[in-house]
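Data block below; observations after.
What you see is a predicted model; the values in this text were computed from it and never measured. A note on names: the letters A, B, ... follow the listed sequences, proteins ahead of strands, and every chain is numbered from 1.
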Amino acid sequence: MHKTPIHDEHLSLGAKMVWFAGWDMPIQYTGIIEEHMGVRQHSGAFDVSHMGDFLIRGMHAGVLMDTLCTNEVQCQPPGRCVYSHILDDQGRILDDTIVTVLGEDEFLMVPNAATTPKMRKWVEGHVHGQEFHDMSTDLACIAVQGPTAKDVLAQLTSADLSTLKFFWARFARLDRIPAEGSSPRTPLLKGRALANGPGKGVVALVSRTGYTGEDGFEIVCENADAVDVWRAILETGRAHGLKPAGLGARDTLRLEKGLLLSGTDFDGSQTSVQTGPSWVVDWKHDFIGKQALVQQKASGTYDKLVCMLAKDKGIPRHGYEILREGQSVGTVTSGTLSPVLRKGIAMGYVPVGLAQPGTEVQIKVRETMLPAEIVKPPFVKRD
Amino acid sequence: MSVVLPELRYTKDHEWVKVEKSIARMGITDHAQTELTEIVFVELPAGGKEVKAGDILGNVESVKTVSEVFSPVSGVVKESNGKLVDSPELLNKDPYGQGWIAAIEMSDPNELSGLMSAEDYKKLLGE
């Protein structure tokens with residue numbers, strides 16, 4: 001079982017640990033609802049070092065990325081982060097990922113933890129002479145998420161991150177934390193030009209990205225520096241209401257925003273046409289699986305992923321049946337109680353003809369039929 | 001360490017029973033509520049429901065999980081704790097008091113001898 005470099009910190013914080021995709025991860029520290037509300041109202045720090053990290057660079061690496069990704073990557077400027085699906089030749093989603101443009105023909109791809117081995121094989125199988133580095137167990141990633149995240153980051157670094165736009169990234173030194181920082185060894189961080197110039201401090205790639213629907217940052221650093229960064233975030237974050245948050249809150253936060261969970265909302269048999277969001281596919285370029293998507297879209301007969309809001313007490317869960325006028329029409333893929341709305345929320349697949357917002361369905365919760373309405377995501381809007 | 005009250009009887013599924021003449025009042029133990037974490041939804045048995053020992057009485061849900069609650073004895077459900085519908089957190093705050101789940105009119109009080117003493121339940125918990 002893998003342990004992130006911050007593992008011992010979680011134990012000393014009294015976290016409840018859980019096996020997740022081969023990693024021993026904190027599911028909660030004090031309570032899922034408390035951590036969830038903490039992120040919505042102030043901010044939270046998540047150890048997401050279990051996510052993968054691939055560096056792909058060299059001649060025509062941009063062409064390779066465009067071939068693999070449903071969204072166009074190559075045309076984007078350095079520093080841009082792109083959310084994309086990666087499909088097999090039948091159009092089925094192998095994984096969803098964020099690709100960061102590091103330079104011309106140089107990219108960072110972050111696959112999900114559970115899919116990292118599969119994605120490594122897939123990407124390596126399509127490499128034609130480019131360099132491929134799997135740094136998944138050499139790099140840590142800490143997500144700082146919530147309305148006060150920007151204030152926390154300002155106390156970690158002299159680099160001006162307030163100007164960093166949503167879905168952009170920048171290399172920086174975290175020079176306001178007590179640690180001197182190790183000298184970077186990974187190809188991601190070694191020898192980079194930093195936003196705040198050379199000097200002391202932990203070298204990191206800071207992205208304005210996340211999985212909570214809040215403003216926030218993801219900080220990728222070397223394993224050797226991870227504990228220093230984690231401690232500095234918790235220490236300086238305290239004044240901004242920041243607390244550590246586990247995978248439990250991460251799941252409820254993403255579900256309130258209608259964000260997909262790899263392996264749960266798509267499990268290898270669905271396409272991007274089925275899951276959406278519509279902007280995840282850039283139809284102007286060619287990519288693996290495109291033809292299948294075009295055909296499926298034209299056929300008009302497929303199941304579509306929808307968001308459902310419960311209209312009565314009850315909590316939909318993964319695997320529960322969805323009914324329409326007594327007929328079984330689909331299955332819930334994700335469900336929980338929304339800590340913000342205090343109502344059951346769910347995602348699941350129904351025939352595309354029933355996918356319009358406003359459609360009434362029932363979710364079978366054990367012996368009870370829970371009335372629910374198909375709604376447009378997100379369940380929880382930003383203030 | 002979980003609270004185990006000496007005057008109650010216990011099941012291996014982490015339910016407790018308080019005997020009130022012919023009535024067995026039951027709920028989930030402190031250990032169970034700690035393991036489940038924040039309880040957000042409770043499904044209660046209807047009054048008048050006939051149950052056998054080991055039957056599913058209802059469900060207790062946290063954000064992450066659903067957990068079945070089993071009847072520790074056979075009999076008829078006299079009453080269930082309606083307060084839990086709007087205040088499921090009572091199960092966390094006061095599992096042996098305000099967080100009781102159901103009161104069952106026992107059909108076979110001899111079944112009580114099959115339940116664990118506080119001593120035995122502590123051993124089961126390894127505490």
Chain A-proximal positions within residues 44-61 of chain B [heavy-atom distance under 4.5 Å]: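 Checking residues 44-61 of chain B against chain A gives Asn59(B), Glu61(B).
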Residues of residues 78-97 of chain B near chain A, each having a heavy atom less than 4.5 Å away: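 When heavy atoms of chain A are the reference, residues 78-97 of chain B contributes Val85(B), Asp86(B) within the under-4.5 Å range.
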Closest non-hydrogen atom pair between Arg317(A) and Val63(B), with its separation: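 In terms of heavy atoms, the two residues are closest at NH1-O, 2.7 Å.
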For [X], look at atom [atom1] and say whether over 12 heavy atoms of other residues, nucleotides or ligands are found less than 6.0 Å away.
X	atom1	result
Lys257(A)	NZ	yes
Glu119(B)	CD	no
Lys16(A)	NZ	yes

Spacing of OG belonging to Ser62(B) relative to CD1 belonging to Ile315(A), to within rounding of 0.5 Å: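 Ser62(B) atom OG to Ile315(A) atom CD1 measures 8.0 Å (nearest 0.5 Å).
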Set of salt bridge (charged side-chain N to carboxylate O under 4.0 Å, His left out) partners for Lys243(A), sequence neighbours left out: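 In terms of salt bridge (charged side-chain N to carboxylate O under 4.0 Å, His left out), with neighbours along the sequence ignored, Lys243(A) is linked to Glu34(A).
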Of all pairs that satisfy salt bridge (Lys or Arg N to Asp or Glu O under 4.0 Å), the ones with a partner from residues 16-28 of chain B, not counting sequence neighbours: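 Listed by first then second residue: Lys18(B)-Glu20(B), Glu20(B)-Arg25(B).
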Top of Arg366(A), Gln28(A), Arg342(A), Lys313(A) for chain B proximity - count of heavy-atom pairs under 4.5 angstrom: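 Among the listed options, the one with the most contacts to chain B is Arg366(A).
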Side-chain heavy atoms of Glu43(B) within contact of Thr368(A), under 4.5 Å: yes
Under 4.5 Å from any heavy atom of chain A - which part of Glu68(B):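 Contact with chain A is absent: no heavy atom of Glu68(B) under 4.5 Å.
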Passing option when Lys64(B) is tested against Asp251(A), Leu337(A), Leu247(A), Thr252(A) for side chain to side chain contact (heavy atoms under 4.5 Å, CB included):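 The residue from Asp251(A), Leu337(A), Leu247(A), Thr252(A) that satisfies side chain to side chain contact (heavy atoms under 4.5 Å, CB included) with Lys64(B) turns out to be Asp251(A).
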